[in-house]
Amino acid sequence: MSLQTLPQFTIRSKQLLPIVQGGMGVGVSAHRLAGNVAKLGALGTISSVDLRRHHPDLMARTAKSRDKEAINAINLVALDREIQLARNIACGNGLIAVNVMRAVSEYASYVRQSCESGADAVVVGAGLPLDLPDLTADFPDVALIPILSDVRGISLILKKWMRKQRLPDAIVIENPRYAAGHLGAAGLAEVNAPHFAFSVVLEGTLELLRELGIDKERMPLIVAGGIHTPEQARQLFSMGASAIQLGTPFAVSEEGDAHPNFKKVLTEAKPEDIVTFMSVAGLPARAVKTQWLANYLDKESKLQRNAKPKACTVGFDCLHQCGLRDGISKAGQFCIDTQLAFAMNGDVKRGLFFRGSEPLPFGDAIRPVRDLIAYMLGLVAGDGFELVAS
């Protein structure tokens, strides 16, 4: 079956399969995963944070460094490399996006580098990217895609951006009840709030678009968080979604850029192993309760009571606001970059393994992205089914 015969949606005149691969850091979604997703005609996403860890020569120059400016400069080199490598794999198919967290201190630099290096799209979550149109004004062909969780946030972005004569090219609607990693809720008590439900946000957003005179075909709505069956996908499409975004299912694919141990931890996690807690970024987060996380949570209250400002222990102030560095008692008290890097490299004892709450499409099996995309589009007739790129 050819890609042209499958359901599609459009971003910047580019027809795509209605599948988006979420951005996952540190280094979980880099060039190999993003490039192979795009090669099949979908949207692949590179996570921008600390990509030097995929490049031994760059790590050799900075692993023992405490020079923040030097580390930041090296990470821009790594980001450029990853974009070029992903584009080479994609061979002109699909789109290559870069995910940039609004909460990171080098947010603006990552956005500019993504554009300069030829990314097709910039995706921004973990905060409201009110200034994204300004940062990308010199790159009008780069698609801009904010990640939001409720109608209120979507309304704010649309109205602010419209004053700048710019609209999002798509919007990712992420439900914090099911998603992995950092969640779009103000605190733990709000993660399961009913106003985050896909039905509520899709209906409210479509009404908002009508009120603002925006053609819904001009602004695809991409839903994310816990989607793992083709039946769910069909239901969401019937509710007005243009595409679905998957994170954890892509993270454990054969092409996922993390260590095999990382994939093993995620695929073998049982529902009771998945917990929600406060990240150092001041946002709720969801991960597997591994040995490190269990030990941390046991002493979290004490660490928060004793929180006080301190120098960054690794010389890399990755977050604009860090609970550990800035002594914010209500936030997490650990170095998130260090723990996520341990996870990416397969260190089961010390890593922080972000994971969504829902079952995985293939259980504990590690399968190619081709199989995942085909399955989620309802095309898998058996293990021998092949999605044929045109």
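What you see below is based on every heavy atom in this structure, not just the backbone, and it leaves out hydrogens, waters and symmetry mates.
The minimum heavy-atom distance between E358 and R355, with the atom names listed, is O-NH1, 3.0 Å. Between I46 and A86 the shortest heavy-atom distance is CD1-CB, 3.9 Å. When every heavy atom of T136 is checked against every heavy atom of R166, the shortest pair comes out as OG1-NH1, 4.4 Å. The two residues T229 and M376 have their closest heavy-atom pair at O-CE, 3.3 Å. Closest of all the heavy-atom pairs between G356 and A180 is N-CB, 3.1 Å. Nearest approach of S48 to V98, heavy atoms of both residues: CB-CG1, 3.8 Å.
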* Can you check side chain to side chain contact (heavy atoms under 4.5 Å, CB included) on H54 and D257, steps first, answer last? -> CA-CA 9 Å; H54 276 302; D257 291 275; 3.9 Å; yes
* For the pair I147 and I173, evaluate side chain to side chain contact (heavy atoms under 4.5 Å, CB included) and give the outcome as yes or no after the intermediate values. => CA-CA 6 Å; I147 302 176; I173 297 170; over 6 Å; no
* **Derivation of the side chain to side chain contact (heavy atoms under 4.5 Å, CB included) call for C335 and V314** => CA-CA 9 Å; C335 176; V314 296; 4.3 Å; yes
* To do: Please assess R350 against D347 for the test salt bridge (charged side-chain N to carboxylate O under 4.0 Å, His left out), listing each intermediate value before the final yes or no.
  => CA-CA 6 Å; R350 295 184 292 176; D347 190 329; 2.7 Å; yes
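Applying the 6.0 Å contact sphere to CZ of R61 captures no more than 12 heavy atoms from other residues, nucleotides or ligands. The environment of NZ in K264 is sparse: at most 12 heavy-atom neighbours from other residues, nucleotides or ligands sit within 6.0 Å. Residue E69 qualifies as open at atom CD: its count of foreign heavy atoms under 6.0 Å is 12 or below. More than 12 heavy atoms of other shown residues, nucleotides or ligands fall within 6.0 angstrom of atom CZ in R218. When the shell of 6.0 Å around NZ of K159 is examined, it contains 12 or fewer heavy atoms from other residues, nucleotides or ligands. Crowding of K164 atom NZ: a count of heavy atoms from other residues, nucleotides or ligands under 6.0 Å exceeding 12.
A distance-only check finds no donor-acceptor pair linking the side chain of D120 to the backbone of A97 [under 3.5 Å]. Side chain of H228 to main chain of G226: a donor-acceptor pair is present (N/O by atom type, distance under 3.5 Å, no hydrogens or angles). With hydrogens and angles disregarded, a donor-acceptor distance shorter than 3.5 Å links the side chain of Q333 to the backbone of A331.
Salt bridge present: K68 and E106 bring a charged side-chain N and a carboxylate O closer than 4.0 Å. With salt bridges taken as basic N to acidic carboxylate O contacts below 4.0 Å, one links D169 and R12. A salt bridge links R53 with D337; the closest basic N to acidic carboxylate O contact falls under 4.0 Å. Checked for salt-bridge contact, D138 and R112 miss the test: no charged N lies under 4.0 Å from a carboxylate O.
Note that CZ of R87 is 12.0 Å distant from CG of L85, once rounded to the nearest 0.5 Å. Note that the CZ atom of F353 and the NZ atom of K289 stand 16.0 Å from one another [nearest 0.5 Å]. Going from atom CG of L377 over to atom CD1 of I244 covers 7.0 Å, rounded to the nearest 0.5 Å. Between the CG atom of L167 and the CG atom of D215 there is a distance of 11.0 Å, given to the nearest 0.5 Å. We find the OG-CE distance between S199 and M239 to be 5.0 Å, quoted to the nearest 0.5 Å. To the nearest 0.5 Å, atom CG of residue L183 and atom CG of residue N175 are 9.5 Å apart.
For H31 and Q84, the side-chain atoms include no donor-acceptor pair closer than 3.5 Å. A side-chain donor from one of Y107 and D131 sits under 3.5 Å from a side-chain acceptor of the other. At a cut-off of 3.5 Å, with distance as the only test, a side-chain donor of T62 or R52 sits close to an acceptor on the other residue. For S105 and H320, the side-chain atoms include no donor-acceptor pair closer than 3.5 Å. Defined by atom type and a distance below 3.5 Å, a donor-acceptor pair is present between the side-chain atoms of R286 and T276. In this model, a donor atom of one side chain and an acceptor atom of the other lie less than 3.5 Å apart for D80 and S117.
Checked against a 6.0 Å centroid threshold, the rings of F342 and W292 do not count as neighbours.
In this structure, I145 and I11 have side chains that are in contact, with non-hydrogen atoms separated by less than 4.5 Å.
The aromatic rings of Y296 and F277 sit perpendicular, their planes meeting at an angle over 60°, well past the 30° parallel limit.
Taking hydrophobic clusters as Ile, Leu, Val, Met, Phe, Trp and Tyr residues chained together by side-chain heavy-atom distances below 4.5 Å, M219 shares a cluster with V124.
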